[in-house]
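First up is the structure itself, then whatever we jot down about it.
Chain letters run A, B, ... following the sequence lines, proteins first and then strands; every chain starts at 1.
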Amino acid sequence: MIKVSNISKRIGKVQALNQLSFSADDGMITGLLGPNGAGKTTCLRTIFGLLKPDEGYAEIDGIDVAKHPVAAKQQLGLFPDPFGLYERLTPREYIRYFAALNGMSKQAASTATAEVLSKLRMEDIADRRCKGFSQGQRMKTALAQAIVHQPTNIILDEPTRGLDVMSTRVLRDLLLQLKQQGHCVLFSSHVMQEVAALCDRVIVMANGKVAAIGSPQQLCEQTGQTSLEEAFIQLIGTDEGIAA
Amino acid sequence: MMAKVFTLLRKELVDASRDKRSVLAGLYYAIGTPLLMCGLFIVLINQLSSPEDLPVKMINADKAPDLVRYLGQQGINSGSGEKADKLVLQISSDYPQKMARGESAEVTVIADNSDEKMQDSIRRLQKALQAYSAEMGSLRLIARGIDPRVLQPLKVEMHDQATPDSKGGMILGIALFTMLYSVFISGMNLAIDTSAGERERNSLGLLLSHPVTTGQLVISKLLAVTAFAMLGLILILLISHFAYPLVPWAELGFSISISPQFMLLMLVVGLPVAMLAASLQLFVSFMAKTFKEAQSYLTMVMFIPLALAMSASYNIAPEVLKWLPVSGQQQALMEVIKGKTLPWMELAIASGLTLLIAAILATALARMLRSEKVVFGL
């Protein structure tokens, strides 16, 4: 469960977030939809405590991120943009490293790493150094890092960028699986299709504010449009910065 | 808490040991420098020391056969050729007459005094001439029935307290400095890679989004860089241990030997310096946005320890340098290698200051990494 209350954040001269409030529940996939520059990444970084909000607060499972950062992050997995791989480590070492950083014992970290490697069908690349990996292989490694310690909340920043069909399917299946296991999944995107296909709830963001919240179905009904894309354009008032 | 530091440290070391650039940077310095220094010293010693037989071009040698014979006994012979032309002894043509009359006979030494290589030879010739002059003077007094001691109201005796090892202060200073400086060189590339490099590769944000404190992060990076710095120091000590005995120190009247005891002392003394180097390098590189930027900052910053240590070994420094980081350790080590006792007090204060500065830098860095401006380079 992720809860954001009245967060405002100024970066330089830009008001990146403006009284933003929403929540993402367990057992649900929540999409953060907005055009480029809407403040999606800033919002996610604030939830991780990497940015400090000027006003408001973010809670993870009821723990205030700003006050207890380590305890709050314990319940978070991040799939970042960009990935931030260590090119000289193998995926197995990389994933095990982050598992251990989340407090797992050596034994538990190794077991969890082996499990997630097989879940994502990465055994063939598990012991090769990350240098020279394809975009799909990088995505899988970063994804494995985000879920290896079984956090209740998983946040993904633009997860489908640059992926081919096969990789996108792996990602989509995994997100649905996580939802069934009762995890809270929050991802940001500006790609309509995947939001429409995956999300139970969509938070439409524009100019650092929430423009609308609801299921894709509800958003269409609310605006009287037939497709999410049309609904979205009507909600944010422009079609700038959107990929179909 | 400690488990996380250990996990972080282990990853840093594995990552660094696979980074060719980081490993080679330390390796090149540790292996290259002692060999280079030895080569340099060998050439220097050959040039500075006067050869056994010193050829001198003598003009009018036939006018002063006794003097020539005397010089010959000292290994100073009349010669010709390019080498002899650099040092000329001109005996005046009225030398025999003046000598016979008991007056001062004129001899002229012609040489280029600014030529470093000739210094030793010029001094040797002058000394031999003075000794001959004194001997002749005594003989003249005796011939007149006077005790030559009347001309020596003072009999100065010199008790040289310098042990052979204490003579080569400057050379020792340079040799020691190159060893101590290895803690700055060996870890530098890793320090940049793990800070500015980490940010450049976008892994810093990811790392900080995991449940680790910036303090744990800084400690682990500090330990990793220190470990590399110390490895460099161990390596350079080992190479020096075998390389320095190859230099013909005996010609200078002292020797540098890197004994196992001295190596041990150097490692103990070098540890705080290595920690200072690591914290300084991490602090500076974290302020830079890219690898390249960090490199250019560090090149400038690394000049400070260089200046401190060098001024300490040249004896041009004010007393206060004995108590300061790097220069304090450098001076203490020089005392020891000269065969004197270790200045405990100065070394303890210098080491304490070194650790204090390292701790302050590390704390400041941990605080700095909590700032979003630093993490994202906003």
Leading residue by heavy atom contact count with chain A [cutoff under 4.5 Å; candidates L8(B), L204(B), V14(B)] |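 Among L8(B), L204(B), V14(B), the one with the most close pairs to chain A is L8(B).
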
Do you know which of E198(B), R370(B), R10(B) has the most heavy-atom pairs with chain A at a distance under 4.5 angstrom?
->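 Between E198(B), R370(B), R10(B), the count favours E198(B).
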
Given that the side chain runs from C-beta out, which part of L76(A) has a heavy atom under 4.5 Å from chain B: side chain, backbone, both or neither?
->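 Answer is neither: L76(A) stays 4.5 Å or more from chain B.
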
Under 4.0 Å between a Lys/Arg side-chain N and an Asp/Glu carboxylate O for R18(B) and E93(A)?
->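 Judged by the 4.0 Å cut-off on N to carboxylate O distance, R18(B) and E93(A) do form a salt bridge.
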
Whether over 12 other heavy atoms sit under 6.0 Å from [X] [atom1]:
{"X": "R367(B)", "atom1": "CZ", "result": "no"}
{"X": "M266(B)", "atom1": "CE", "result": "yes"}
{"X": "K3(A)", "atom1": "NZ", "result": "no"}
{"X": "N18(A)", "atom1": "CG", "result": "yes"}

[X] (side chain) donor-acceptor with [Y] (main chain) under 3.5 angstrom:
{"X": "K11(B)", "Y": "Y94(A)", "answer": "no"}
{"X": "R88(A)", "Y": "D15(B)", "answer": "yes"}
{"X": "E372(B)", "Y": "K52(A)", "answer": "yes"}

Min side-chain heavy-atom separation L207(B)-Y97(A) under 4.5 Å =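 They are in contact (side-chain heavy atoms under 4.5 Å apart), so the answer is yes.
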
Trace of the side-chain contact (heavy atoms from CB on, under 4.5 Å) decision for V70(A) with V212(B) | CA-CA 6 Å; V70(A) 174; V212(B) 289; over 6 Å; no

Working to the nearest 0.5 angstrom, can you tell me the gap between [X] [atom1] and [Y] [atom2]?
{"X": "S203(B)", "Y": "L89(A)", "atom1": "OG", "atom2": "CG", "answer": "10.0 Å"}
{"X": "D157(A)", "Y": "S209(B)", "atom1": "CG", "atom2": "OG", "answer": "11.0 Å"}
{"X": "K73(A)", "Y": "L208(B)", "atom1": "NZ", "atom2": "CG", "answer": "6.5 Å"}

Looking only at heavy atoms, what is the nearest atom pair of G103(A) and K4(B), with distance?
->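 Answer, listing the atom of G103(A) first, then K4(B): N-CE, 4.2 Å.
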
What are the two closest non-hydrogen atoms of L206(B) and P80(A), and how far apart are they?
->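 Heavy atoms only, the tightest pair is CD1-CG, 3.7 Å.
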
For H210(B) and Q145(A), does a side-chain donor sit closer than 3.5 Å to a side-chain acceptor?
->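 Indeed, the side chains of H210(B) and Q145(A) share at least one donor-acceptor pair under 3.5 Å.
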
